[in-house]
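Order of listing sets the numbers, starting from 1, for every ligand and every atom in it.
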Amino acid sequence: MVNVTLITGDGIGPEIAEAARRCIDATGAGIRWETAEAGTDVMARLGTPLPDATVESIKKNGVALKAPITTPIGTGFRSINVYLRQSLDLYACLRPCKSYQGVRSKYQDIDLVLVRENTEDLYAGIEYAKGQDDTRELIDWLNKHSKKKIGADAGVSIKPISVTATERIVRFAFDYAKKNGRKKVTSVHKANIMKFSDGLWLEVSRQVAQSYPEIEFEDRIVDNMCMQLVQKPELYDVLVLPNLYGDIVSDLCAGLVGGLGVAPGANIGEKGATFEATHGSAPKYKGLNKVNPTALILSGVLMLRHLGRTSEANRLENAVAEVIAEGKKVTYDLKENRDDPTAVGTSEMADAIIEHL
Ligand code: NAD
């Protein structure tokens, strides 16, 4: 048995968490779940959207399956998700984007893996609001030391990119490629414009690539990368990106394979890992037993692989693929017509997946 924290989340979280838990248990992977709360529901009871017990549980178990959580406004948290990633130092965000037959998409046979740096860049949360004393002080200093001038009425967000963080994320991407039989890593940047942040990223990417001669390496400027992914996605394999580009390009790639309902993800660090769907808590569907549980179930597949439960992971992924390919016991979003009355609910789709195991 292995202990895993199950964060049930809020909005559609509890429904899809239950569906994913049942599917994972049905593989016989031997998971002992420790349920923990986060989000608006627990906020109403305990006055915090992220109880210490939840963070402690992930730290203790080292692995969590996490349903989406809404970040309530005005709680002191910019985003609970970002806070969790930073406090547990989950520096790598892994987002496989794979086509499954039966999911409506303009593209077939996509098999991309995005590796996004999770701790730095414009997401570091170092921001200065327009008109504040410290912002004025910063702007005065910058205007004194730079030929370029910043207006007194500007807000400022800082973009740190370090050698240490770049090196570890690029290594993560190459190690992932090696371990999973991938052929190529593409490093994405805007080094032509941001010479000291993205330029550093590119330079470190090139250095790290030299230690992996068996894996092909190339780089792409982010705007060109977006066009290439839309025109020739089959040319790419593993992509490694700084935080902001990673956020944007991973949604683009989710779009290539049919949208958020089927896009799994993982946040991985040295001391722990959380596995979660790319989509959010879709509050308007809360409690309706309507939404697609696939993204969280496929996140469970990534978790099983992380735990070394490879055969259970493969069986679960195949069962999901079969149910989607048959197209009968699937949620509304996987039907040709979204109003199709034969669409099943979240828990019925989970039942169908369990029957295919
Ligand atoms: P969302 O992903 O929750 O919903 C956007 C739309 O996508 C929904 O209206 C729905 O049509 C569709 N959708 C999402 N998941 C689906 C599913 N499983 N099956 C079928 N359709 C699905 O994005 P949002 O509305 O921008 O965000 C809602 C809340 O979720 C926000 O508070 C946001 O901060 C939070 N959020 C959390 C996470 C996370 O916990 N990792 C990630 C993204 C957003």
Among protein heavy atoms, which sits nearest to [atom], and what does the distance come to when rounded to 0.1 Å?
| atom | answer |
| --- | --- |
| atom 33 (C) of ligand 1 | I69 O, 4.7 Å |
| atom 5 (C) of ligand 1 | L260 CD1, 4.8 Å |
| atom 34 (O) of ligand 1 | T71 N, 4.2 Å |
| atom 10 (C) of ligand 1 | Y285 CE1, 3.7 Å |
| atom 29 (C) of ligand 1 | S281 OG, 3.2 Å |
| atom 20 (C) of ligand 1 | Y332 OH, 3.6 Å |

Does this structure show an ion pair linking [X] with [Y], if we count only N-O contacts that are shorter than 4.0 Å?
| X | Y | result |
| --- | --- | --- |
| D351 | K329 | no |
| R104 | D333 | no |
| R182 | D237 | yes |
| R85 | E276 | yes |
| R305 | E317 | yes |
| D89 | K271 | no |
| E234 | K232 | no |
| E18 | R21 | yes |

Exercise. Is ligand 1 under 4.0 Å from a heavy atom in the side chain of T70, in the backbone, in both, or in neither?
Worked result: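 It is both parts that get close, each with some atom under 4.0 Å.
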Exercise. Which atoms form the tightest heavy-atom contact between K183 and I215, and what is the distance?
Worked result: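 Shortest heavy-atom separation between K183 and I215 comes out as O-CG2, 3.5 Å.
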For this session: For atom 44 (C) of ligand 1, state which one of G280, G259, G265 supplies the nearest heavy atom.
Result: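 That would be G280.
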For this session: Would you indicate which of P283, A282, G13, G39 comes nearest to atom 4 (O) of ligand 1 when only heavy atoms are counted?
Result: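 Ranked by closest heavy atom to atom 4 (O) of ligand 1, first place is A282.
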For this session: Give the C-alpha distance, both sets of side-chain angles, the deciding distance and a yes or no for salt bridge (Lys or Arg N to Asp or Glu O under 4.0 Å) between K159 and E120.
Result: CA-CA 7 Å; K159 173 175 165 134; E120 295 198 317; over 6 Å; no
Does [atom] have a protein non-hydrogen atom under 4.0 Å from it?
| atom | answer |
| --- | --- |
| atom 1 (P) of ligand 1 | yes |
| atom 24 (P) of ligand 1 | no |
| atom 41 (N) of ligand 1 | yes |
| atom 12 (C) of ligand 1 | no |
| atom 27 (O) of ligand 1 | no |
| atom 38 (C) of ligand 1 | yes |
| atom 17 (C) of ligand 1 | yes |

Problem set entry | L316 and L298: CA distance, side-chain angles, deciding distance, side-chain contact (heavy atoms from CB on, under 4.5 Å) verdict | CA-CA 8 Å; L316 182 51; L298 291 176; over 6 Å; no
Exercise. Can a non-hydrogen atom of K290 be found less than 4.0 Å from any atom of ligand 1?
Worked result: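 The answer is no, since K290 has no heavy atom less than 4.0 Å from ligand 1.
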Problem set entry | Nitrogen or oxygen of A67 less than 3.5 angstrom from that of ligand 1 |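 Min N/O separation from ligand 1 is not below 3.5 Å for A67.
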